[in-house]
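Side chains are part of it too, since the values below use all heavy atoms of this structure and drop only hydrogens, waters and symmetry mates. Every value quoted in this text rests on a predicted model; they were computed, and no experiment measured them. Residue numbers begin at 1 in each chain, while the letters A, B, ... track the order of the sequences.
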There are 2 protein chains.
Amino acid sequence: MAVDRRQLIVEAATKSFSLFGFKATTMEQVAKIANVGKGTIYTFFKTKEELFDEITNSLIKEMKLAAEESIDESKSFQDNVHRALYRILEFRLEHQLTIKLFQEGREMRTPAVMEVIERIEKAILNFIKDKIKLAIEKDEIQPCDPELTAFVMIKMYIALIFDWEKNHQPLTKEMIAKTLEQHIFQGLSK
Amino acid sequence: MAVDRRQLIVEAATKSFSLFGFKATTMEQVAKIANVGKGTIYTFFKTKEELFDEITNSLIKEMKLAAEESIDESKSFQDNVHRALYRILEFRLEHQLTIKLFQEGREMRTPAVMEVIERIEKAILNFIKDKIKLAIEKDEIQPCDPELTAFVMIKMYIALIFDWEKNHQPLTKEMIAKTLEQHIFQGLSK
DNA sequence: AAAATGACCAAATGAACAAAACGGTCAATA
DNA sequence: TATTGACCGTTTTGTTCATTTGGTCATTTT
């Protein structure tokens, strides 16, 4: 079987985006890494953005999968939310692509990158929102606006993991769980 | 009595910083508005930063005063925290100087401005932290790490007021209070 | 004598221009 | 038919240089 050129291109682009970010990745660079002509890329993807979208959509799917896998039906809602959010943010730190993307978003505000970050954050929000809806249905927590509660939880998580350590000692996983428990769950659980 | 040149300079600089921000304010501009020679400014302030610091320190003092005034000893801790934080963020939206400063910080990341923003945020944190310490002493809330709890409260407040409305209808003052109540206080109060 | 000033300086800034690099196309090629 | 890289118009980058800036200090004003 002949090499799958499309696959080669996607892999090359992933490498380059991970290493240099969106803006600093050139289509010529991608073509060279993939060992194809630049024109070939454009037989599969209309624009650089479209190639980028395909890759970041895979990333989001992967992230959702990781989050879903961290859920353990036999455990409590609180435990699961903590595990899922921790897993998602861990994922962000484990993958070169997310690290580079968030860095580029922070430092250069590249529009295409900002859009992707928004999509990632929406995906996380919807994931948690669904878990909250389910927990309300199952009467595990008090009724609340799932969107708003998911929003608050995520903001708190990001604050505890990323913002807190700008001026303090990083919090351990256990301390984050305890803080979340103390500040949110005790106010929600029956 | 002769005019107080120092006062004139401070007033002129405040106007200019409020209107144009730190970077776009020139010392010549300030001198012209204050009707003094440029050299005169340097008899009172060693550098542009020092002039800036004097003005932003007053701003922070004013902010603290506004927050302190919003406290009503006869009301509950929860009510007071809500009132204080709301007042502080309201203050930010009422004062041209804070608006301009936070905008310049976001858009240009001027180092001197970033420092001031950090000082402002530290001041808010310490204010809330003290109120939490007091509430713990008075046995109004469960024991907790005052620094961490203040941090969480502020992050949540800023998220609810500034971040939420990027993608949703703004929350009313009452809805913010309710969300804070539901997500934080019910977990802390005895 | 003390306070105030603006001409002056080195350093920083940004306008203007040229050169390079870019995303994307398409006629030639395999 | 699938693939390619030379090519095109546009954007980005590097460079130059005149202007502006924060800050000083000899001179002037009070």
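The closest donor-acceptor contact from the side chain of B/Asn80 to the backbone of B/Asp72 lies under 3.5 Å. Side-chain atoms of B/Trp164 do not come within 3.5 Å of backbone N or O of B/Ile158 as any donor-acceptor pair.
At a non-hydrogen distance threshold of 4.0 Å, B/Thr25, B/Thr26, B/Met27 from residues 14-28 of chain B come into contact with DNA chain D.
Open room surrounds CD on A/Glu28; 12 or fewer heavy atoms of other groups in view lie less than 6.0 Å from it.
Side-chain contact between B/Phe162 and B/Leu89: present, with at least one pair of heavy atoms (C-beta onward) separated by less than 4.5 Å.
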field: Trace of the side-chain contact (heavy atoms from CB on, under 4.5 Å) decision for B/Ile55 with B/Leu97
entry: CA-CA 10 Å; B/Ile55 287 167; B/Leu97 182 53; 3.8 Å; yes
- prompt: Does the pair A/Glu118 and B/Lys166 meet the rule for a salt bridge (charged side-chain N to carboxylate O under 4.0 Å, His left out), with working shown?
  reply: CA-CA 11 Å; A/Glu118 224 170 278; B/Lys166 280 177 199 159; over 6 Å; no
message: As a quick check of understanding, evaluate side-chain contact (heavy atoms from CB on, under 4.5 Å) for A/Val113 and A/Met108, giving each step before the final call.
response: CA-CA 9 Å; A/Val113 173; A/Met108 332 191 48; over 6 Å; no
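The distance from atom NZ of A/Lys46 to atom C1' of C/dG24 is 13 Å, rounded to the nearest whole Å. Rounding to whole angstrom units, NZ of residue B/Lys48 and P of C/dT13 are separated by 10 Å. Between the C1' atom of D/dG5 and the OH atom of A/Tyr42 lies a distance of 13 Å, rounded to the nearest Å. The interatomic distance linking A/Phe52 (CZ) with C/dG23 (P) rounds to 13 Å, in whole Å. Rounded to a whole Å, the CD atom of B/Gln29 is 16 Å from the P atom of C/dG6.
Contact check on B/Arg87 versus B/Glu94 returns a salt bridge, with a Lys/Arg side-chain nitrogen under 4.0 Å from an Asp/Glu carboxylate oxygen.
Within the helix from C/dA1-D/dT30 to C/dA30-D/dT1, the inter-axis angle between the opening and closing five-pair segments is 10°, rounded to 10°.
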Please tabulate the protein-to-nucleotide N/O contacts below 3.5 Å involving nucleotides 2-4 of chain D, giving atom names and distances.
from: D/dT4; atom 1: OP1; to: A/Arg5; atom 2: NH2; distance (Å): 3.3
from: D/dT4; atom 1: OP2; to: A/Gly37; atom 2: N; distance (Å): 3.0
from: D/dT4; atom 1: OP2; to: A/Thr40; atom 2: OG1; distance (Å): 2.3
from: D/dT4; atom 1: O5'; to: A/Gly37; atom 2: N; distance (Å): 3.4

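The aromatic rings of A/Tyr86 and A/Tyr157 sit perpendicular to each other, their planes meeting at more than 60°, with 30° as the lower class boundary.
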